[in-house]
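First the structure, in the form of structure tokens, and then the observations on it.
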Amino acid sequence: MATGFFNTPYPENEPVKSYAPGSPERAEVQAMYKELYAQKIEVPLYIGEEEVFTDNKADMNPPHDIKHVLGQYNKADKKHVEDAIEAALEARKKWANMSWEFRAGIFLKMADLLAGPYRARMNAATMLGQSKTVHQAEIDAACELIDFFKFNVLYMTEIYKEQPLYHAPNEWNRVEYRPLEGFVYAVTPFNFTSIAGNLPTSAALMGNVVIWKPSRTQMYSAKVLMDLFLEAGLPKGVINMVTGDSAMISDTVFEHPDFAGVHFTGSTGVFNGMYKKVGENIAKYKTYPRIVGETGGKDFIAMHPSADAKAVAVAISRGAFEFQGQKCSAASRAYIPASKWEDVKKFVVEDMASFKQGDPDDMHNFVSAVIDRSAFTKLSGVIDKAREDKDLEIVAGGEYDDSKGYFIQPTLIKANDPKNWTMETEFFGPIMTLYVYDDEKWQETLELVNSTSPYALTGAIFSTDRYAAEQATHYLQNCAGNFYINDKPTGAVVGQQPFGGARGSGTNDKAGSKLNLMRWVSPRLIKENFVSPKDYRYPFME
Ligand code: NAD
């Protein structure tokens, strides 16, 4: 096996299994799905040594099968959050001093457990609780999280290896990459089990202790994550999981003097609120906290007249609608030249007519349900409003039905006005709006891409003209943290496309890279002088 720095295993990306008919992984995940569906589980709070059950509980239901109950999760009150912080600070006394090799081994073990005995369970839990197809679960809950665990260990050693190059005679300089002084607050979204796993563990890997608050709609797979962490040997108290009233939990955390950083992924509005709270409390903290947030997007596909219509159509079909468009990277606005519109339309409409939608355990389905009632209400409302907007035409889709689950049909809208509200607002669902531009107006179209919506997460341009591709790449420099040429803007892979955006899309600390781990250390320079001076006078004074 190849090795990285300090002889750590050099990671390779986890191969994505096919789940094709007849494959052993398909049989295994289907059996696991059935088994989990038939049982009820209870998700406790994890506070230090304890699994805590409270008298405040909520049901967990599959979004595609809303009358079925998967079990319940327990909600914390303020005292539980305070207890979790105390437990984390207690655990810190040992964890922050554990040698990095002993820490790293735990996360490498998590990767191997997840690649093997936990794979089917993690995938089935993600299919059931978050309505992902098996392919979407596999690339997220299994492969991406395995990659996060393994690559983060490599990146950690790269950080530790960075040391001062020069030493004056009789001196030795070194940098100690200390964990932050205090605890880290990890707040995770519903849409990626891998993000839920990565945000607390990346900080913990660097020696930090963590209060983790998962999303209420990801609690089912959150329990499998906690089982994985503990089975891999993570000492209790290093990652403490609490859930419940988000605002109360955040307020309690942000008032604590030992709060040392927040690792957030979710919507821009929630992150803005956190930033403000941290600012209001700034004088209370022992140290300036790290604020890391990956937030919303209104991700674009811009097609040059030279581009291939079929390639653009497939990028829309996959990039806008997989996992019901609930990816921060999902394409949700497109710019198509008039000369190519009829072709692109024909291919996308054909694709969309062939999409099968339903439960993820029926492996023919390409899309499933959106996450919860509030997403369903918002997205069906967008479709209703779009129907009444004279500037908009619904090209395909436009149906919704919540009789069995929260099903929103993938919907393609054409806007006459490039600044229409549907071109600017993040809906976080299977709704894409496109604008057809005059072929002569490529430059003006790039300016529209740049100035429409406050976000800058992902974006793609399609062009076979190299001059146009280069021009767009320069011109759109600040429009996306992840910029794609002739490819859909989703599907970033750890170690290949470090992920994150700027403007309203976040602090761009690039999950799955060394840059992110850097935020969870506070370097201390240690200079040692082997021959201390014995006379205060300098030669010039003689
Ligand atoms: P969300 O903002 O609703 O929730 C994210 C987390 O914040 C959850 O744990 C939630 O409980 C918590 N939260 C909600 N209100 C809070 C409050 N007042 N105080 C403290 N915490 C609060 O987001 P979501 O619906 O789970 O995820 C979708 C959003 O996340 C989209 O905007 C999407 O673009 C974004 N996202 C971004 C990335 C990225 O890498 N940039 C990745 C995934 C998702």
Side-chain angles (χ1 to χ4, degrees), residues 58 63 73 75-76 81 129-130 136 140 144 148 185-200 202 211-219 221-222 241-255 259 262-278 291-299 323-332 370-376 378-379 406 425-429 453-459 480-482 489-492 494 497-513 516:
Y73 66 89
K75 295 187 187 179
V81 183
Q130 291 138 273
Q136 291 301 313
D140 160 27
E144 185 168 31
F148 274 133
Y185 181 37
V187 182
T188 55
F190 78 83
N191 67 334
F192 277 88
T193 303
S194 57
I195 298 178
N198 181 46
L199 266 51
S202 50
I211 305 296
W212 172 33
K213 199 211 80 59
S215 163
R216 69 184 164 74
T217 42
Q218 188 262 325
M219 291 310 300
S221 55
M241 189 185 93
V242 290
T243 192
D245 177 346
S246 308
M248 177 279 290
I249 296 172
S250 289
D251 284 352
T252 309
V253 164
F254 292 142
E255 277 163 13
F259 165 68
V262 59
H263 200 187
F264 174 81
T265 297
S267 55
T268 304
V270 170
F271 186 55
N272 288 351
M274 289 182 164
Y275 224 110
K276 190 163 172 241
K277 272 268 152 58
V278 171
I291 305 178
V292 175
E294 295 302 333
T295 58
K298 186 72 184 174
D299 308 306
F323 187 38
Q324 299 76 263
Q326 299 170 119
K327 300 187 183 189
C328 48
S329 55
S332 57
V370 298
I371 193 68
D372 62 6
R373 166 71 54 199
S374 87
F376 180 84
K378 178 179 75 179
L379 294 163
Y406 303 120
T425 316
E426 183 189 48
F427 301 132
F428 216 60
S453 109
Y455 303 105
L457 189 52
T458 74
N482 283 50
T490 57
V494 179
Q497 296 98 18
F499 191 81
R503 293 189 183 162
S505 293
T507 55
N508 201 13
D509 289 293
K510 295 286 188 231
S513 84
N516 180 281

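In listed order, ligands and their atoms are each counted from 1.
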### Message
For the residue pair K298 and F427, would you count it as a cation-pi contact if the rule is NZ or CZ under 6.0 angstrom from the ring centre and within 45 degrees of the ring axis?
### Response
yes

### Task
Count the heavy atoms belonging to other residues, nucleotides or ligands that lie under 6.0 Å from NZ of K277, then report whether that count exceeds 12.
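Incorrect, the count does not exceed 12.
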
Which residue and heavy atom of the protein sit nearest [atom], plus the separation:
atom                    : value
atom 10 (C) of ligand 1 : K213 NZ, 3.8 Å
atom 17 (C) of ligand 1 : S246 CB, 3.8 Å
atom 19 (N) of ligand 1 : S250 OG, 3.6 Å

Would you mind listing which atoms of ligand 1 come within a distance below 4.0 Å of any non-hydrogen atom of [X]?
X    : value
P189 : 26 (O), 27 (O)
I195 : 42 (C), 43 (C)
V187 : 6 (C), 7 (O), 9 (O), 12 (C)
M274 : 20 (C), 21 (N)

### Message
In this structure, is the centre-to-centre distance between the rings of Y185 and F264 below 6.0 Å?
### Response
no

#### Entry: Heavy-atom nearest neighbour of atom 40 (O) of ligand 1 within options F254, Y185, W212, F499
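Result: the heavy atom closest to atom 40 (O) of ligand 1 is in F499.
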
### Query
Hey, does S246 have a side-chain heavy atom less than 4.5 Å from the side chain of K213?
yes

### Message
Main chain of T268, side chain of T295: is a donor-acceptor contact present, judged purely on distance under 3.5 Å?
### Response
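Here the side-chain-to-backbone pair does not exist.
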
### Message
Quick one: does any side-chain atom of S250 pair with a main-chain N or O of A247 as donor and acceptor, under 3.5 Å?
### Response
no

